[in-house]
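All heavy atoms count here, side chains included; hydrogens, waters and symmetry mates do not. Each ligand, and each atom within it, is numbered from 1 in the order the structure gives.
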Amino acid sequence: MKVLLATRNQKKLGELRRILDPAVAVELVGLDDVDGYPEAPETEASFAGNALLKAREGVRYTGLPTIADDSGLTVDALNGMPGVLSARWAGKHGDDDANLELVLAQLADVPDARLGAAFECAAALVLPSGAEHIALGTMPGRLIRERRGDGGFGYDPIFVAAGHDRTNAELTPEEKDAISHRGKAFRALAQVLANAI
Ligand code: ITT
């Protein structure tokens with residue numbers, strides 16, 4: 001059975017495929033596989049609000065069970081920002097380099113002891129019946145001031161998860177999935193999906 005992942009982010013899609021595939025026998029398609037998809041802006045103030053918004057749109061447009069997530073980095077010293085604005089913190093949606101550099105610049109005078117941060121994810125599943133499910137996941141950790149590693153995406157090169165020495169960008173995809181905010185949220189949602197279809 002086909003399930004839509006309402007995202008164009010190929011790296012995110014890859015992460016979600018690795019997580020969901022073993023759990024449920026479904027064919028996952030992304031927004032690039034749907035002709036003329038009318039993508040609406042993420043206007044909600046919470047990760048859960050945006051995830052639900054995107055999943056509802058997916059069902060409305062395709063009629064397929066739709067999973068969507070909204071995720072981002074919350075930095076203690078920035079009062080939880082960039083938060084829902086993580087993907088466009090420097091102004092242009094998806095400019096990972098500029099977003100990361102802006103966060104580093106904003107933290108230049110913040111002492112190392114106050115570089116606590118977390119990745120957060122809300123994952124939503126909306127079914128054609130109208131049933132809605134939400135799962136949340138958090139990965140606590142801290143930021144470092146220089147990039148390390150080539151893996152992952154977004155803020156991964158400057159994020160070290162709690163209990164780890166390597167940045168997220170230095171972890172293998174499997175290592176990251178096992179501890180990531182999205183891994184946690186999607187493993188929970190995969191159970192719901194398996195029971196629902
Ligand atoms: P879709 O909305 O199409 O799903 P997106 O890339 O815009 O894709 P989000 O709205 O969820 O995704 O924004 C997430 C942003 O938060 C993303 O652009 C990164 O900057 C950051 N982010 C989220 N998860 C991350 C992760 O695992 N590693 C690094 N950065 C992450």
Side-chain angles (χ1 to χ4, degrees), residues 4-19 28-34 37-58 61 66-75 78 80-104 117-125 134-144 147-161 164 166-186 189:
L4 175 69
L5 293 174
T7 185
R8 292 186 195 281
N9 180 330
Q10 293 304 316
K11 290 189 176 170
K12 199 190 247 190
L13 196 59
E15 273 191 30
L16 305 188
R17 281 211 170 101
R18 286 193 302 277
I19 290 163
L28 296 164
V29 296
L31 291 185
D32 287 343
D33 302 313
V34 181
Y37 192 86
E39 213 173 338
E42 296 168 14
T43 49
E44 295 291 316
S46 69
F47 294 119
N50 281 326
L52 269 176
L53 193 85
K54 290 194 274 187
R56 286 177 188 144
E57 273 175 13
Y61 191 75
T66 301
I67 294 171
D69 84 307
D70 193 33
S71 56
L73 179 72
T74 62
V75 179
L78 298 178
M81 302 303 279
V84 293
L85 302 177
S86 293
R88 63 195 114 119
W89 191 234
K92 184 170 154 241
H93 191 110
D95 189 340
D96 283 357
D97 261 359
N99 290 335
L100 182 156
E101 289 301 333
L102 181 54
V103 166
L104 285 182
F119 277 116
E120 292 185 26
C121 175
L125 167 66
I134 283 270
L136 304 175
T138 299
M139 172 166 46
R142 64 186 168 83
L143 298 180
I144 58 169
R147 301 163 186 243
R148 286 193 342 231
D150 301 317
F153 67 99
Y155 302 91
D156 279 339
I158 56 166
F159 184 88
V160 178
H164 289 254
R166 288 172 291 158
T167 67
N168 274 5
E170 293 173 312
L171 301 178
T172 65
E174 292 73 21
E175 284 173 326
K176 183 181 166 190
D177 291 347
I179 58 168
S180 83
H181 50 315
R182 202 163 16 259
K184 291 172 184 168
F186 272 85
L189 210 59

As an exercise, state the distance from CG of L104 to CD1 of I158, rounded to the nearest 0.5 Å. 4.0 Å
Can you find a pair of side-chain heavy atoms, one from [X] and one from [Y], that are under 4.5 Å apart?
{"X": "I179", "Y": "L171", "result": "yes"}
{"X": "N99", "Y": "P82", "result": "no"}
{"X": "Y155", "Y": "V75", "result": "no"}
{"X": "L4", "Y": "L31", "result": "yes"}
{"X": "R166", "Y": "E175", "result": "yes"}

Determine whether a donor-acceptor pair (N or O, by modelled atom type, separation under 3.5 Å) exists between the side chain of N168 and the backbone of K176. no
Tell me if a side-chain donor or acceptor on Y61 pairs with a main-chain N or O of E39 at a distance below 3.5 Å. no
With heavy atoms of [X] as the reference, note each atom of ligand 1 found under 4.0 Å away.
{"X": "S86", "answer": "15 (C), 16 (O), 20 (O)"}
{"X": "E42", "answer": "2 (O), 10 (O)"}
{"X": "R8", "answer": "3 (O)"}
{"X": "A87", "answer": "7 (O), 13 (O), 15 (C), 18 (O)"}
{"X": "H93", "answer": "7 (O)"}
{"X": "D156", "answer": "26 (C), 28 (N), 29 (C)"}
{"X": "K176", "answer": "26 (C), 27 (O), 28 (N)"}
{"X": "D70", "answer": "9 (P), 10 (O), 11 (O)"}

K54 bridged to E44 by N-O distance under 4.0 Å: no
Please identify which of these residues, D96, D97, D156, meets the salt bridge (charged side-chain N to carboxylate O under 4.0 Å, His left out) condition with R147. D97
Closest protein heavy atom to [atom], given as residue, atom name and distance to 0.1 Å:
{"atom": "atom 29 (C) of ligand 1", "result": "F153 O, 2.9 Å"}
{"atom": "atom 24 (N) of ligand 1", "result": "H181 NE2, 3.1 Å"}
{"atom": "atom 3 (O) of ligand 1", "result": "T7 OG1, 3.0 Å"}
{"atom": "atom 8 (O) of ligand 1", "result": "K12 NZ, 3.4 Å"}
{"atom": "atom 6 (O) of ligand 1", "result": "N9 ND2, 2.9 Å"}
{"atom": "atom 30 (N) of ligand 1", "result": "Y155 N, 3.2 Å"}
{"atom": "atom 23 (C) of ligand 1", "result": "S71 OG, 3.2 Å"}

For ligand 1 and E39, I'd like to know whether there is a polar contact (N/O to N/O, distance under 3.5 Å). no
Distance-only N or O hit between ligand 1 and N99, under 3.5 Å: no
F119 vs F159 aromatic rings, parallel, tilted or perpendicular, using cut-offs 30° and 60°? tilted
For F119, which part has a heavy atom under 4.0 Å from ligand 1: side chain, backbone, both, or neither? side chain
